[in-house]
Amino acid sequence: MAENSESLGTVPEHERILQEIESTDTACVGPTLRSVYDDQPNAHKKFMEKLDACIRNHDKEIEKMCNFHHQGFVDAITELLKVRTDAEKLKVQVTDTNRRFQDAGKEVIVHTEDIIRCRIQQRNITTVVEKLQLCLPVLEMYSKLKEQMSAKRYYSALKTMEQLENVYFPWVSQYRFCQLMIENLPKLREDIKEISMSDLKDFLESIRKHSDKIGETAMKQAQHQKTFSVSLQKQNKMKFGKNMYINRDRIPEERNETVLKHSLEEEDENEEEILTVQDLVDFSPVYRCLHIYSVLGDEETFENYYRKQRKKQARLVLQPQSNMHETVDGYRRYFTQIVGFFVVEDHILHVTQGLVTRAYTDELWNMALSKIIAVLRAHSSYCTDPDLVLELKNLTVIFADTLQGYGFPVNRLFDLLFEIRDQYNETLLKKWAGVFRDIFEEDNYSPIPVVNEEEYKIVISKFPFQDPDLEKQSFPKKFPMSQSVPHIYIQVKEFIYASLKFSESLHRSSTEIDDMLRKSTNLLLTRTLSSCLLNLIRKPHIGLTELVQIIINTTHLEQACKYLEDFITNITNISQETVHTTRLYGLSTFKDARHAAEGEIYTKLNQKIDEFVQLADYDWTMSEPDGRASGYLMDLINFLRSIFQVFTHLPGKVAQTACMSACQHLSTSLMQMLLDSELKQISMGAVQQFNLDVIQCELFASSEPVPGFQGDTLQLAFIDLRQLLDLFMVWDWSTYLADYGQPASKYLRVNPNTALTLLEKMKDTSKKNNIFAQFRKNDRDKQKLIETVVKQLRSLVNGMSQHM
Amino acid sequence: MAKKTYDLLFKLLLIGDSGVGKTCVLFRFSDDAFNTTFISTIGIDFKIKTVELQGKKIKLQIWDTAGQERFHTITTSYYRGAMGIMLVYDITNGKSFENISKWLRNIDEHANEDVERMLLGNKCDMDDKRVVPKGKGEQIAREHGIRFFETSAKANINIEKAFLTLAEDILRKTPVKEPNSENVDISSGGGVTGWKSKCC
């Protein structure tokens, strides 16, 4: 006990250590034992002593306990010996089990290693998965972006880019791939811009290519509506047409029916396809591109580019082909592509917000309109075919109506059409000049024969001829005019129709149309037809037959002018009583033509007379006449007689004037023959022969070759010759000189100058025989007389000169 | 004119049915032109053309007659003065050829006995419409001892040849006359001796 007290009192730490050794596992003994050595330099010896003491204590306790438990121990040993047997059995079992367990455990050991490796991998995988779960959304979005780019869904792509930048990239910004992506986005945006612009360019190319189709469709639709209206008007007009002419002219009805059928056919054609601009062109590139540029904040760039490109396209569209004016298709293509252009602009104006503004389209249209008008003005001036000009007008009207329907102002186009109308009328006049020339060329210039009532009515239906006397005659009979008359009448009406055609759809009042028609018709009659008639009359080879018939024809055409006025009135439905209605001036045309033809008849006759006169073959030095009139003159007289005998249908006044003109011309020609300065000598015999010819002329004049002359009016044409010849043949100089200047003079019409000229020619004849004159008293006396008369005549002539 | 501008004057006459082309033949010869439109001659007409044959200037006065019966009286009055007569038929019109015999009788009845005659078959360019074979024309000409030509006024075939041949035949029968003679020959009178028209 003392030792225990000493021990406790001296080293309490060792007690604690011993307690720890007893209670702590083997694994923790080390630190405990180390503390023993760390405490004192010789502590371990004391510790060993304490330890031995502790051991002896524990041995005593053990011994006590063994004594206490001896009987139990013995019992236990007994039991244990029994157990030994069982234990032996158990040992065998356990050994066997252990062997089997060891065998099985080998596989388990192997797998354990694998399991450990797997565990490590799983941990790594889990870590990777966690990281990837942050990165994958980014990659997915980027992949989606790529996919959208490939699928050309650029707007979605832009949205995706935005999400990437704002939401996903911050999570994974530390990674390099993320940096690469961030660097790539601006490039992708530029790519989207470029691709969108490329799409836009394709779109622009597409609408340029489809402009024709778009325009054609739009114009067809506008025309369809217009045609429907026109059909109604035509049906109304047909009713008027039936009452249009007194003579039941069928032309107007046939014309209206033709137009109506044509209109119906057009309607059928139009119903086959009605397409809108969206059906023809895919506008989505514009929408997408506009949207993309809006998202990218570059809307203005896009707008500027679009407008700039469209202006360029507009200029291309407005540039016509150099030979556009040659065919109607040339014009049609020009119009359809312009319409197509503006229909597209109008569509974009209404569908987009701000890409195209009304101010912009108006500016574009004004520029275009000025160009169009300049082009049409230039090209239409090349047109020489009125049908083509008419087609151009129709196309222009459809073109104007189409664009007006889209809100574009077109008044200036209609103003241009009035200019073109004037040109149209000019081309019509030229065309009709050709028509008239052909009619005159083909006419046979003889009265129209009809053999039965049917033929008679055919002529009457074409030309409003009214003559009760002719109507009563039996068949066969003849109209007084030739074929050209009804043909011209019909063609004048055709001209009026053609001129009227241009005014259709031009939104003008009936009064204006009526006025225009009358002016055009006046031009046709007073200029074109007049010119054709005059050219015909002055043709070098025209004959008397044609000229006579022309006089008759123009008389009947003149009378028909009033029917033309009625014709125009019926067409325009304007009352004759309307104030300031233009009148037809065609009457003067036919009067002028008739006068020209009459003049030409006189000219032709005189030319024939000249040809005969050139055949004259007088022997101016003959001593005696041969007793008969000259052959050439008899032929001439017979010719004139025949002419006036066969042209009995020549109007009386004209025949009389022609006959008088011929006689006067003949008389003048004969007088000129006597006074010809190249004729130096005339014998009395020649004068007497000449007198025989003049007698024949006088006989012709007195035979009344043309009825209607009063008394001896016609013979007056030869009175000058008669008195001159009488003077010389009677040698009545004393009377002539004595009575000169007296109203009652027998030789009143003999001009002293004329007498002097002729007398000197006779004196020269006498001079030629001067040698013999000395030997013959009569000749000498005659010579003296001639000299005397010559002197006296000269004084008269000189006296006249003083008066002049 | 003080003096003649020609040496001789020959008067020729064209006769034949209406529409055979008499006026066109004359027009081609005198003006070298052709008019496609048929304009019927009314009564009588003439053209004058000067030609030169064997050194002589000869004026041909060619009378063109209406073929229609109603002008018969007028046209026959010109037969007497003609020195040469051309009978014209249309090879595409058998009737006009058949009537040649009638026209020949008219000549015997109204013209001078020694008038020179010639037969013309006109429109020979229209061979596809031919009705009268050339041989027929030659035959009737041979029977009457007259010259024969097939002509075309439109295509200008044998026109000038026909007229000049007729003129040469007339010239051959004309008495020789001294053109520069100073002597006054009372018996010659005016025009050509022997051919002077005999007016009543």
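Numbered from 1 within each chain, the chains take letters A, B, ... in sequence-line order.
The CD1 atom of B:I48 sits 4.0 Å away from the CG atom of A:L615 when rounded to the nearest 0.5 Å. Considering CG of A:D635 and NZ of B:K11, their distance stands at 3.5 Å, rounded to 0.5 Å. Summarising the geometry, atom CD1 belonging to A:I542 is positioned 7.5 Å from atom CD1 belonging to B:I39; distances are rounded to the nearest 0.5 Å.
Using a 4.5 Å heavy-atom cutoff, the side chains of A:K608 and B:D45 are in contact.
Contacts between A:E546 and chain B at a heavy-atom distance below 4.5 Å involve the side chain alone, from C-beta outward. Of the two parts of A:I643, only the side chain, counted from C-beta on, holds a non-hydrogen atom closer than 4.5 Å to a non-hydrogen atom of chain B.
Atom NZ of B:K136 is surrounded by 12 or fewer heavy atoms from other residues, nucleotides or ligands within 6.0 Å. For B:K154, the NZ atom sits in a loose shell: 12 or fewer heavy atoms of surrounding residues, nucleotides or ligands are nearer than 6.0 Å.
Ring pair A:F612/B:F46 is tilted by interplanar angle, where 30° to 60° counts as tilted.
For the residue pair B:I74 and A:S642, the shortest heavy atom distance occurs at CG2-OG, 3.7 Å.
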